[in-house]
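Here the structure comes first, spelled out in structure tokens, and everything after it is commentary.
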Amino acid sequence: MDAPKKIQTRVEVALDYITSQIASGSLKAGDKLPNEKDLADQLGISRTPIREAMKSLSIAGLIDIRHGHGSYVRESQSAPALPLAMFQLYLQDSTPEMLMELRDIFDRNCNELAALRRTDEDLAKMRECIDRLKALTAEPDGSLDEMLKADLDFHRAVYEATGNKLIVVIADFVLTMVAPWVRKSLDVSGRRRAVDLHEQMYQAILNRQVGADNRSSVDANMKHFLSSIEGTKKLS
């Protein structure tokens, strides 16, 4: 985790500026954004990254681009939805390593909370997911998509076991963003290893382990995930 900070691209510079203007209230719902030329001059970059940033903001639902009339902050954008849309925007532009670090933060803490608060019903859900994943790995032509679903369902069961609805929503949001890389992890590094790693996490929660004992199971899962990402890069 000691890698140097990523230098911002010109598109990211534009995104940071525009989203900060919206978040601070300098640009309110219904306001027209400065034109591409004015923004480019103000930020000291060309119009191309400004245009790309605008497209990304439009896809994220933060602005409306009205051809021939300019770009406007969406009037339907409610205050609570704004940070989530901005969060989604940055997640979509993140590297697998950045997503892994974010997921690591959630999983470390969620696993400990789940160990403290889990019910028999929570444990049954986790057990079913692992058994389903194990059965799929035993099939010569087991569906990778079904394996991915079983994998993700396990983590969602862990989030639910925390008993915190905010954690469930946000952690699941992060999990959804990282899902394509989880799929590649299953494909590249072997499915049986995934079963063992999930079993370790389950046992830590079952035995109500906290601290280092609990986090070691998460660390093993994250190291496997990161090595799978590296393996995917070498194959590409």
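The structure places CZ of R10 at 10.5 Å from OG1 of T48, a figure rounded to the nearest 0.5 Å. Note that the CD atom of Q200 and the CG atom of D196 stand 7.0 Å from one another [nearest 0.5 Å]. Atoms OG1 and CG, from T137 and L144 in turn, are 12.0 Å apart once rounded to the nearest 0.5 Å. Taken from CD1 in I18 to CG in L43, the straight-line distance is 7.5 Å, to the nearest 0.5 Å. Summarising the geometry, atom CG belonging to D41 is positioned 11.5 Å from atom CD belonging to E36; distances are rounded to the nearest 0.5 Å. Residue N35 holds its CG atom at 7.0 Å from CG of L39, rounded to the nearest 0.5 Å.
In terms of hydrophobic clustering, with Ile, Leu, Val, Met, Phe, Trp and Tyr side chains grouped at heavy-atom distances under 4.5 Å, L116 and V168 are assigned to different clusters. Connection of L206 to V195 is established within a shared hydrophobic cluster, with ILVMFWY side chains joined at heavy-atom distances below 4.5 Å, either directly or through further cluster members.
Counting only heavy atoms from C-beta outward, the side chains of R51 and M54 never approach each other to under 4.5 Å. L27 places none of its side-chain heavy atoms less than 4.5 Å from the side chain of K32. Side chains of V169 and Y159 form no contact here, defined as non-hydrogen atoms less than 4.5 Å apart. By the 4.5 Å heavy-atom criterion applied to side chains, P49 and T9 are not counted as neighbours. The shortest distance between side-chain heavy atoms of L175 and F106 does not fall below 4.5 Å. A 4.5 Å side-chain heavy-atom check between I45 and V11 finds every atom pair outside the cut-off. Two residues are said to be in side-chain contact when any heavy atoms from C-beta on lie closer than 4.5 Å; K28 and V73 fail this criterion.
Considering all non-hydrogen atoms of both residues, A194 and L186 come closest at CB-CD2, 3.6 Å. Heavy atoms only, all atoms of each residue included: A53 and L15 are closest at O-CD2, 3.7 Å. Of all heavy-atom pairs spanning C110 and I167, the tightest one is SG-CG2, 3.4 Å.
Listed by chain and residue number, nothing satisfies the side chain to side chain donor-acceptor pair (under 3.5 Å) test with K134 (two or more places apart in sequence, or in another chain). Residues that satisfy the side chain to side chain donor-acceptor pair (under 3.5 Å) test with R108, not counting sequence neighbours, are D104, D219. The side chain to side chain donor-acceptor pair (under 3.5 Å) check on Q203 picks up E199, with sequence neighbours excluded. When the side chain to side chain donor-acceptor pair (under 3.5 Å) test is applied to N164, no partner is found at least two apart in sequence or on another chain. Residues passing the salt bridge (charged side-chain N to carboxylate O under 4.0 Å, His left out) test with D131 are R127, sequence neighbours excluded. Checked against salt bridge (charged side-chain N to carboxylate O under 4.0 Å, His left out), E112 has the following partners two or more places apart in sequence or in another chain: R215. The salt bridge (charged side-chain N to carboxylate O under 4.0 Å, His left out) check on R132 picks up E128, D153, with sequence neighbours excluded. Partners of D107 by salt bridge (charged side-chain N to carboxylate O under 4.0 Å, His left out), not counting sequence neighbours, listed by chain and number: R103.
With hydrogens and angles disregarded, a donor-acceptor distance shorter than 3.5 Å links the side chain of R208 to the backbone of A115. In terms of modelled atom types and a separation under 3.5 Å, the side chain of R74 and the main chain of G30 share no donor-acceptor contact.
A salt bridge does not link R183 to D151: none of the charged side-chain nitrogens sits closer than 4.0 Å to a carboxylate oxygen.
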Is there a side chain to side chain contact (heavy atoms under 4.5 Å, CB included) between V158 and M126 once you walk through the steps? CA-CA 7 Å; V158 173; M126 295 177 211; 4.1 Å; yes
Apply side chain to side chain contact (heavy atoms under 4.5 Å, CB included) to the pair M201 and H155, showing each step before the final yes or no. CA-CA 10 Å; M201 295 174 69; H155 291 287; 3.9 Å; yes
Start with the C-alpha gap between N111 and Q209, add the side-chain angles, then the distance that decides, and say whether side chain to side chain contact (heavy atoms under 4.5 Å, CB included) holds. CA-CA 9 Å; N111 249 54; Q209 293 175 336; over 6 Å; no
Can you check salt bridge (charged side-chain N to carboxylate O under 4.0 Å, His left out) on E146 and K149, steps first, answer last? CA-CA 5 Å; E146 287 299 318; K149 185 177 186 306; over 6 Å; no
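Screening residues 127-146 for ring pair (Phe, Tyr, Trp, His ring centres under 6.0 Å) gives no qualifying pairs among residues at least two apart or on separate chains. A ring pair (Phe, Tyr, Trp, His ring centres under 6.0 Å) check over residues 118-154, counting only residues at least two apart or in different chains, returns the pairs F154-H198. Applying the salt bridge (charged side-chain N to carboxylate O under 4.0 Å, His left out) test to residues at least two apart or on different chains, the pairs with a partner in residues 158-178 are K125-E160, R156-D172.
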List, one per line, each side-chain donor-acceptor pair under 3.5 Å for residues 61-72, sequence neighbours excluded.
from : atom 1 : to  : atom 2 : distance (Å)
Y72  : OH     : H69 : O      : 3.4

